[in-house]
Amino acid sequence: MAHAIPASKVVHYAAEALRSFFIYGFEWIDNLLFLQDPEVFVGADAGKYLDIAKERFLEFGWEGDGVIQLLWLPPFVFPVGLNVPPEGVALWHVKQEEDGVSYLLSPIPLPFEEFSGARQ
C-alpha cells in the first residue's frame, strides 16, 4: 500500500484557529465528489470546528444552507515560494444551495487571481 498521512494529521490546529483563517467566496465549485466530512479528521471535536466555520461563513454572507466539508489542495497547485508542506492544505468548504456559491476558509492566503480580494 502507498504511504498516506494519518487522518489525524490533516487538521493540525485547534478549532479556535478557524477564526483567523482567510475567507473566500467562489462561483462555482460543482465537483463535490472529493469533499470529506470533517468528523473523519477531528472526530468527536467536529462540532466545535463546524460551529466556528458556520459563524465565519455566515459573517461573510452565507445563508446557512449546504453541508460544511473539507476540500484538500495538493502542494503542487501552489507556487513553490509559499513553502506549502508536502501534506498540502485542507480548506473548509460549504456550497450554498440557493445560488451555488462556495465559501472557503483557508489557513493560508490562496495565491490564485480569483481570490485577490479575500479577507481574514
Side-chain angles (χ1 to χ4, degrees):
M1 184 166 89
H3 172 74
I5 64 169
S8 62
K9 302 283 186 192
V10 173
V11 177
H12 50 82
Y13 43 81
E16 283 295 318
L18 291 172
R19 296 190 188 285
S20 65
F21 278 25
F22 296 86
I23 191 163
Y24 305 88
F26 185 76
E27 296 178 351
W28 291 276
I29 297 174
D30 290 335
N31 185 348
L32 306 181
L33 297 173
F34 297 95
L35 298 173
Q36 294 283 317
D37 183 338
E39 191 171 336
V40 171
F41 305 98
V42 295
D45 288 335
K48 295 176 189 175
Y49 287 85
L50 290 169
D51 286 346
I52 295 171
K54 285 177 189 176
E55 180 183 318
R56 296 288 319 276
F57 289 140
L58 287 166
E59 289 170 354
F60 199 66
W62 176 49
E63 294 178 5
D65 59 357
V67 177
I68 298 173
Q69 296 176 295
L70 290 176
L71 169 66
W72 177 69
L73 296 180
F76 62 77
V77 303
F78 295 95
V80 174
L82 284 182
N83 297 316
V84 171
E87 297 82 22
V89 177
L91 308 179
W92 294 79
H93 169 273
V94 66
K95 184 177 178 84
Q96 189 159 267
E97 293 175 8
E98 187 268 324
D99 59 8
V101 172
S102 284
Y103 294 92
L104 302 165
L105 284 172
S106 174
I108 65 170
L110 296 178
F112 310 114
E113 187 176 327
E114 294 86 3
F115 298 134
S116 61
R119 69 172 200 230
Q120 210 169 5

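In this chain, numbering begins with 1 at the start of the sequence shown.
The two atoms that bring Glu63 and Gln96 nearest to each other are N-OE1, 2.5 Å, heavy atoms only. Contact between Tyr24 and Ile108 at its shortest, heavy atoms only, is OH-O, 4.0 Å. Closest heavy-atom contact between Pro79 and Pro111: CD-CG, 3.5 Å. Residues Leu70 and Pro38 come closest through the heavy atom pair CD1-CA, 4.1 Å. Across every non-hydrogen atom of Ala90 and Val10, the tightest pair is CB-CG1, 3.8 Å.
Inter-residue side-chain proximity for Ser102 and His93 is flagged as met; some heavy-atom pair is nearer than 4.5 Å.
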**OP:** Quick one: do Leu35 and Ile29 satisfy side-chain contact (heavy atoms from CB on, under 4.5 Å)? Show the steps, please.
**Re:** CA-CA 11 Å; Leu35 298 173; Ile29 297 174; 5.8 Å; no
- Task: Begin with the C-alpha distance, continue with both residues' side-chain angles, and end with the deciding distance and a verdict on side-chain contact (heavy atoms from CB on, under 4.5 Å) for Asp99 and Trp28.
- Result: CA-CA 9 Å; Asp99 59 8; Trp28 291 276; 5.6 Å; no
| request: Assess whether side-chain contact (heavy atoms from CB on, under 4.5 Å) is satisfied between Phe22 and Leu110, documenting all intermediate values. | output: CA-CA 8 Å; Phe22 296 86; Leu110 296 178; over 6 Å; no
* Quick one: do Ile23 and Tyr103 satisfy side-chain contact (heavy atoms from CB on, under 4.5 Å)? Show the steps, please. => CA-CA 7 Å; Ile23 191 163; Tyr103 294 92; 5.5 Å; no
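Atoms NE2 and CD1, from His12 and Ile5 in turn, are 8.5 Å apart once rounded to the nearest 0.5 Å. Rounded to the nearest 0.5 Å, atoms NZ (Lys54) and CD (Glu59) are 14.5 Å apart.
A salt bridge is defined here as a Lys NZ or Arg NE, NH1 or NH2 lying under 4.0 Å from an Asp or Glu carboxylate O, and Glu16 with Lys48 fails to meet this definition. Comment: Lys95 does not engage Asp65 in a salt bridge, judged by the lack of any side-chain N to carboxylate O separation of less than 4.0 angstrom.
Side-chain atoms of Arg56 come within 3.5 Å of backbone atoms of Phe21 as a donor-acceptor pair (strictly under, hydrogens ignored).
By the criterion of side-chain heavy atoms lying less than 4.5 angstrom apart, applied directly or through intervening Ile, Leu, Val, Met, Phe, Trp or Tyr residues, Leu91 is not grouped with Trp72; the two fall into different hydrophobic clusters. A continuous path of Ile, Leu, Val, Met, Phe, Trp and Tyr side chains, each step under 4.5 Å between heavy atoms, connects Phe76 with Leu82, placing both in one hydrophobic cluster. Transitive grouping of hydrophobic side chains (ILVMFWY, heavy atoms separated by less than 4.5 Å) keeps Val67 and Phe60 in distinct clusters.
Aromatic ring pairs are classed by plane angle as parallel below 30°, tilted from 30° to 60° and perpendicular above 60°; the pair Trp92 and Tyr49 is parallel.
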